[in-house]
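All chains are named by letter (A, B, ...) in the order of the sequence lines, taking the proteins before the strands, and each is independently numbered beginning at 1. Since this is a predicted model, take the numbers as computed values, not measurements.
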Amino acid sequence: MRKLRKKLSLFLLTAVTVVTVLPLMGCHGSRGMDAFVIPEEFDTTRNYEITFWAKNDTNKTQTRIYEKAISDFEALYPNIKVNLRLYTDYGKIYNDVITNISTQTTPNVCITYPDHIATYLTGTNCVVPLDELFINEKYGLGGSELLYDGPSKEEIIPQFLKECSFGEHYYAIPYMRSTEACYINKTYVEALGYTLPETLTWDFIWEVSEAATAKDAEGNFLINGQKVMIPFIYKSTDNMMIQMLRQQNAGYSTDEGEILIFNDTTKDFLNTIAEHVKTGAFSTFKISGYPANFLNAGQCIFAVDSTAGATWMGTDAPLSDISEDKLVEFETEVMTIPQFDPENPVMISQGPSVCVFNKADHQEVLASWLFAQYLLTNEVQIAYAGTEGYVPVTSKAQQSAEYQDYLSRGGEDNETYYDVKIKASKLLLENTRNTFVTPVFNGSASLRDAAGQMIENVSKSVKRKETVNETYIQALYEDMTSLHRLDQIAGAGGREAGKEELGKLPGTAVALLLAIAGAWILMAFYVICGWLKKKEILKKITNKGN
Amino acid sequence: MKKFTAVLLTLALVFSFAGCAKSGEADVNAKSEGVMTYAEYAAAELDTQVVIEAYVQAKQSWWEDKATVYAQDADGAYFMYDMACSAEDYEKLTPGTKIKVTGFKAEWSGEVEIMDATFEIMEGNYIAEAMDATALLGTDDLINHQNKFVSFKGMTVEPSVDPDGNEVAFMYSWDGSGQEGDDLYFNASVNGQTYTFTIESYLCDSTTDVYAAVKGLNIGDTIDMEGFLYWYEGVNPHITSVTVK
């Protein structure tokens with residue numbers, strides 16, 4: 001049972017408060033920490049105990065892979081002990097990191113999202129920049145002193161590595177990558193008289209979803225004979241909005257954090273969504289529940305979720321939250337998310353990255369880096385990627401015979417080689433060049449929340465028979481700006497936002513400026529007096545001469 | 001005369017208390033004007049506005065001025081999800097506190113709840129006794145008691161299989177992928193049927209007696225339980241106390 005809904009709001013709590021609070025704190029007090037300097041040698045005569053905060057998708061295989069990775073690493077480095085703390089959602093990790101920054105107890109190594117790191121970075125020298133570590137001859141990527149066969153920098157998929165770079169530095173390494181996929185009940189699509197196109201489009205998905213809402217006289221849906229049918233369910237409405245905007249080249253934000261999302265294209269999307277909520281053709285995870293549960297019960301035709309959720313999708317899915325008697329037999333197709341321009345598909349790149357937190361003991365940081373880097377070895381990458389529809393982040397792992405063999409065996413069983421899962425991984429491998437990420441800045445997590453919340457609010461309002469029109473959308477834009485403090489994000493709205501962010505000058509600064517101004521006035525007074533005095537003397541001399 | 005007065009006052013006091021108790025019981029069913037009875041609430045369509053009065057039975061969580069709360073009146077129970085609530089007001093929501101809630105009826109994975117709600121604290125106090133739901137397990141009638149404070153008696157702890165294939169009395173997270181502090185899952189049977197029960201870590205965290213009690217269970221133990229009749233793709237009771245017999 002996944003029941004993660006209860007933790008979703010947690011993320012919101014910290015995202016909005018932290019932006020204003022963290023800049024006041026360093027990792028270790030108000031001054032912050034000294035920047036990390038790579039030691040010349042890793043001191044193996046000492047023992048180190050480091051903490052690794054990891055995220056799993058409520059998946060016991062993933063837990064076991066983490067445990068095995070730790071145990072294998074400890075066998076190579078007996079002087080480093082790694083303590084694992086597991087989380088089942090990113091929001092909770094984020095919240096705990098923020099709390100621990102203020103209490104000086106951050107983990108050493110942490111699975112995270114780049115958006116979150118942007119917030120951690122507001123603590124002085126809190127997160128270790130990895131640029132120098134990457135290229136360190138001894139302990140860097142592929143370094144000579146490593147006790148394992150890690151990838152070189154060139155062997156990390158460049159696009160994935162780039163996602164970990166912001167503010168002109170690398171602050172993380174990618175760990176796994178996924179995208180979103182549309183899991184389709186192909187049997188129902190064909191029963192409705194449609195054939196799946198080569199690339200799924202928004203027009204197609206809306207048309208088929210509308211067709212699936214037809215009912216008989218008793219109120220049963222014609223397509224499944226049940227009382228429940230939500231043809232199209234989207235898990236992450238944040239992603240839905242972000243990808244729709246990107247596919248239309250519409251504004252979301254600039255790289256610097258200027259907020260562009262409140263535009264006419266967004267309004268058009270929201271109106272389209274409202275139209276289909278009204279007919280019952282569309283709903284969301286937050287409103288109705290997990291897309292996988294509806295899909296597997298024959299109550300949904302198009303379920304959009306992460307490729308990292310593939311093991312929950314389909315009649316034969318190895319993981320399921322619904323009872324056997326509710327499962328319906330159907331053929332599952334895995335396709336890219338719907339597109340506006342099928343010739344140029346666009347989809348989000350997501351998935352966990354790993355950052356290293358700074359500590360006073362630089363040897364301890366180096367030990368942490370050695371472990372973080374170990375997570376990129378083929379052993380860990382291939383094993384973990386196989387637990388869901390993830391892909392390894394290194395070409396070394398992707399091109400290995402072991403991984404290629406895994407990909408070629410889709411459908412051999414409904415566990416390791418579950419075909420829906422392997423199709424999901426292949427979807428990302430084939431579309432890596434078509435993926436994108438959103439700009440990372442302090443507050444980008446709040447903007448992401450607002451993007452999704454607009455879809456949720458519109459959907460709820462329509463279901464509650466409220467009117468969604470121009471006035472409603474304008475009010476929604478204002479509410480989102482205020483609730484998520486989007487007008488207080490650096491670069492948010494030009495001049496006004498800048499003023500808001502700077503605020504009143506502190507008293508000490510005012511006093512200093514007054515003192516400087518006073519000194520200038522005194523100096524000017526002195527110079528003028530001197531000049532007048534000189535002039536007077538000159539006059540006297542001249543008068544005497546005359 | 002003094003003795004007579006004292007006896008009279010004592011009797012008056014006793015009767016007044018008795019009167020209070022009776023009126024208190026009656027008040028549990030009383031609703032203010034414009035407030036739905038439980039039957040009206042149960043009959044209301046999803047996504048419509050509902051106004052109810054009920055008594056807090058347990059608080060599950062509070063985040064960013066939003067509280068998740070179990071409440072009950074004499075006729076039925078309610079689950080308020082992410083109800084607008086300040087930190088200060090959350091402290092006031094002690095078990096028994098009467099609240100008037102205005103929100104929207106919704107359903108999430110089978111759980112009927114009130115969303116996007118606001119509330120006000122009212123005069124009155126009531127703590128529901130646990131309804132014995134043991135005989136209702138596996139019946140269609142069970143869902144009619146959704147969210148109520150219930151008990152399950154004389155159940156036998158059945159094995160769960162952990163990730164290493166071992167039979168255990170409980171697991172961290174539903175599949176054993178969790179750790180200390182996560183939700184606990186365990187199985188228990190009655191009349192030859194086995195059901196899954198949960199210690200919801202937000203409702204009862206790892207410092208609570210029930211969390212410790214479940215960690216101390218052995219396969220084959222006979223137990224009595226109390227908890228709330230939560231729903232997630234079927235019945236998923238959130239247990240708040242376990243007693244080994």
Hey, could you give me the [atom1]/[atom2] distance between [X] and [Y], rounded to the nearest 0.5 Å?
X	Y	atom1	atom2	answer
B/I199	B/S206	CD1	OG	12.0 Å
B/Q57	B/I127	CD	CD1	6.5 Å
B/Y70	B/H238	OH	NE2	5.0 Å
A/S459	A/I273	OG	CD1	6.5 Å
B/K59	B/T97	NZ	OG1	8.0 Å

Selection from B/T48, B/D182, B/D164, B/D116 maximising heavy-atom pairs under 4.5 Å formed with chain A: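 Max contact count across the listed options: B/D116.
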
Under 4.5 Å from any heavy atom of chain B - which part of [X]:
X	result
A/E67	neither
A/R464	both
A/S323	neither

Toward chain A: residues of residues 139-149 of chain B with heavy atoms under 4.5 Å: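 Against chain A, none of the residues of residues 139-149 of chain B fall inside the cut-off of heavy atoms under 4.5 Å.
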
Chain A heavy atoms under 4.5 Å from B/E107: which part of the residue, side chain, backbone, both or neither?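 Backbone only.
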
May I ask you to name which of A/K465, A/K460, A/K326 has the most heavy-atom pairs under 4.5 Å with chain B?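 Of the candidates given, the most pairs with chain B belong to A/K460.
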
Worked check of ring pair (Phe, Tyr, Trp, His ring centres under 6.0 Å) between A/Y66 and A/Y384: CA-CA 8 Å; A/Y66 281 133; A/Y384 201 95; 5.2 Å; yes

Is any side-chain heavy atom of A/F285 less than 4.5 Å from a side-chain heavy atom of A/D305?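 The answer is no, as the side chains (C-beta and beyond) never meet within the 4.5 Å cut-off.
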
When you compare the side chain of A/P291 with that of A/W312, does any pair of heavy atoms fall below 4.5 Å?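 A/W312 does not reach A/P291 side chain to side chain.
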
Could you tell me whether B/K31 atom NZ has more than 12 heavy atoms of other residues or ligands within 6.0 Å of it?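 Yes, NZ of B/K31 has more than 12 neighbouring heavy atoms, counting only those of other groups under 6.0 Å.
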
